Amino acid sequence: MGIHPGEVSAQRRAGITKLLGSARARPELPEVAREFLRRQRMLVVGTSSRIGLMTGEPGFIEPLGATTLAVRGQPPFEAGGEIGTLAIEPWTRRRMRVNGTATQEGDRLVIETDQVIANCPKYIVIREITSVAEPEARRTVEHAALTDGHRRWIESADTFFIATRADGQGADVSHRGGPPGFVDVPEPGRLRWADYLGNFMFLTLGNLELEPAAGLLFVDWERGHTLRLAGRARADWSGEQRMIDFEVEEVAETIGDSPLRWALRP
């Protein structure tokens, strides 16, 4: 896709002059990436402000070739066009982004890859799958605003995921982690969190430099529920610690979104 102007802008704000953004990514899935994807049971997918989970048995993510990936199942939003995905393995602290263009073909989502990026293990909280519950009917409830329960959920979270997209640059899904409380809800309808130092590629912030729409996903790891927020995000570069402000526009909670049950590793 070439040099991403939003990433360049974010890097300059951070005082970085060396090109470290998505222009260095390649579309090919090397064999080590294919092996990693085949054993996953969860994939986070998103585009712009839409984000959600896809889950299945190992093998539900199947590389079909050097630049093609098939995921069995229906995504949690109407998928067509640019999409970002993130496969994360909390017990090994490994994660991989695979971004590209998606089409729904019957019971599978087929992705032609543009960017394959292996990320570092920073801020990944170590969890293990303890059981797989019997499938239950998903039930999604849309809310006009965050409830007190949602606020407690968010402020106790040690992990969430964020989807962004910019015209001509594609979609992306990223992981954010930190100690419980690293995401604050300072007032109804607004979230704020510290953007910790990472790999200096600024894929998320680069997209936000060009388009503030974003989607957030919080997972109830023990019960399989999810909380999805759509809104607009802005980076605050004024202080010593870079912060992100997120204005909530939509709230949706899905009961029974995932059969996977997770626990923190002792």
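The residues of the chain are indexed from 1 along the displayed sequence. Just so it is clear, the structure is predicted and the values come from calculations on it, not from any experiment.
In this structure a side-chain-to-backbone donor-acceptor pair under 3.5 Å is present from Q40 to F36. Side chain of T130 to backbone of A263: no donor-acceptor contact under 3.5 angstrom is found. Of the possible polar contacts, one joining the Q241 side chain to the D195 backbone as a donor-acceptor pair under 3.5 Å is found. Without hydrogens or angle criteria, R41 side chain to G56 main chain gives a donor-acceptor distance under 3.5 Å. One N or O on the side chain of H4 and one on the backbone of G6 form a donor-acceptor pair closer than 3.5 Å. Of the possible donor and acceptor atoms, one in the side chain of S156 sits under 3.5 Å from a partner among the backbone N and O of R152. Using modelled atom types, no side-chain atom of R97 and backbone atom of G84 make a donor-acceptor pair closer than 3.5 Å. At distances below 3.5 Å, not a single donor-acceptor pair connects side-chain atoms of R94 with backbone N or O atoms of W91. Q104 places a side-chain N or O within 3.5 Å of a backbone atom of R108 that can act as its donor or acceptor partner. Not one N or O on the side chain of T67 forms a donor-acceptor pair closer than 3.5 Å with the backbone of T113.
Considering only heavy atoms from C-beta on, H150 comes within 4.5 Å of L227 through its side chain. Taking 4.5 Å as the limit, some side-chain heavy atom of M54 sits within range of a side-chain heavy atom of L109.
Between V219 and the choices W262, F160, F161, the side-chain contact (heavy atoms from CB on, under 4.5 Å) rule is met once, by F161. For the side-chain hydrogen bond (donor to acceptor under 3.5 Å, both in side chains) with T254, the lone residue among H225, R228, R138 that qualifies is R228. With H175 as the fixed residue, the side-chain contact (heavy atoms from CB on, under 4.5 Å) test singles out one of V125, I162, V44, T159: T159.
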Verdict with reasoning, R127 to D158, per salt bridge (charged side-chain N to carboxylate O under 4.0 Å, His left out): CA-CA 11 Å; R127 283 185 165 86; D158 55 27; 3.0 Å; yes
Trace of the salt bridge (charged side-chain N to carboxylate O under 4.0 Å, His left out) decision for E128 with R261: CA-CA 8 Å; E128 296 177 333; R261 302 293 181 264; over 6 Å; no
Derivation of the side chain to side chain contact (heavy atoms under 4.5 Å, CB included) call for R234 and F246: CA-CA 7 Å; R234 179 184 63 86; F246 180 84; over 6 Å; no
Residue pair R93, E89: steps toward the salt bridge (charged side-chain N to carboxylate O under 4.0 Å, His left out) verdict: CA-CA 6 Å; R93 300 179 69 221; E89 200 172 70; over 6 Å; no
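Criterion: ILVMFWY side-chain heavy atoms under 4.5 Å apart, direct or through other members. Under it, L208 and Y196 are part of a common hydrophobic cluster. With hydrophobic clusters built from ILVMFWY side chains whose heavy atoms lie under 4.5 angstrom apart, V45 does not share a cluster with I88. L43 and V173 are members of different hydrophobic clusters when ILVMFWY side chains are connected at heavy-atom separations under 4.5 Å. Residues I111 and L86 do not share a hydrophobic cluster, defined by chaining ILVMFWY side chains whose heavy atoms lie under 4.5 Å apart. A continuous path of hydrophobic side-chain contacts links F218 to V248 [ILVMFWY only; heavy atoms under 4.5 Å].
Partners of F77 according to the ring pair (Phe, Tyr, Trp, His ring centres under 6.0 Å) rule, which considers only residues two or more places apart in sequence or in another chain, do not exist here.
Looking only at atom types and distance, the side chain of R176 has a donor-acceptor partner in the side chain of S174 under 3.5 Å away. Using modelled atom types, one finds a donor on one side chain and an acceptor on the other under 3.5 Å when comparing E112 with T68. Residues N99 and D172 have side chains that bring a donor and an acceptor to within less than 3.5 angstrom of each other.
Comment: D245 engages R190 in a salt bridge, judged by a side-chain N to carboxylate O separation of less than 4.0 angstrom. The existence of a salt bridge linking D148 and R151 is excluded, since no basic side-chain nitrogen approaches an acidic carboxylate oxygen closer than 4.0 Å. Electrostatic pairing of E35 and R39 does not count as a salt bridge here, judged by no charged N lying under 4.0 Å from a carboxylate O.
Atom CZ of R12 sits in a sparse spot, with 12 or fewer heavy atoms from other residues, nucleotides or ligands closer than 6.0 Å. No more than 12 heavy-atom neighbours from other residues, nucleotides or ligands sit within 6.0 angstrom of CD on E142. For CD of E105, the number of neighbouring non-hydrogen atoms (other residues, nucleotides, ligands) closer than 6.0 Å is greater than 12. Within a 6.0 Å radius of CZ in R139, other residues, nucleotides and ligands contribute 12 heavy atoms or fewer.
Here the closest non-hydrogen pair linking A10 and G206 is CB-N, 4.5 Å.
The salt bridge (Lys or Arg N to Asp or Glu O under 4.0 Å) contacts involving residues 199-216 comprise R13-E209, where partners must be two or more places apart or lie in separate chains.
Separating the CD atom in E247 from the CZ atom in R192 is a distance of 11.0 Å, to the nearest 0.5 Å.
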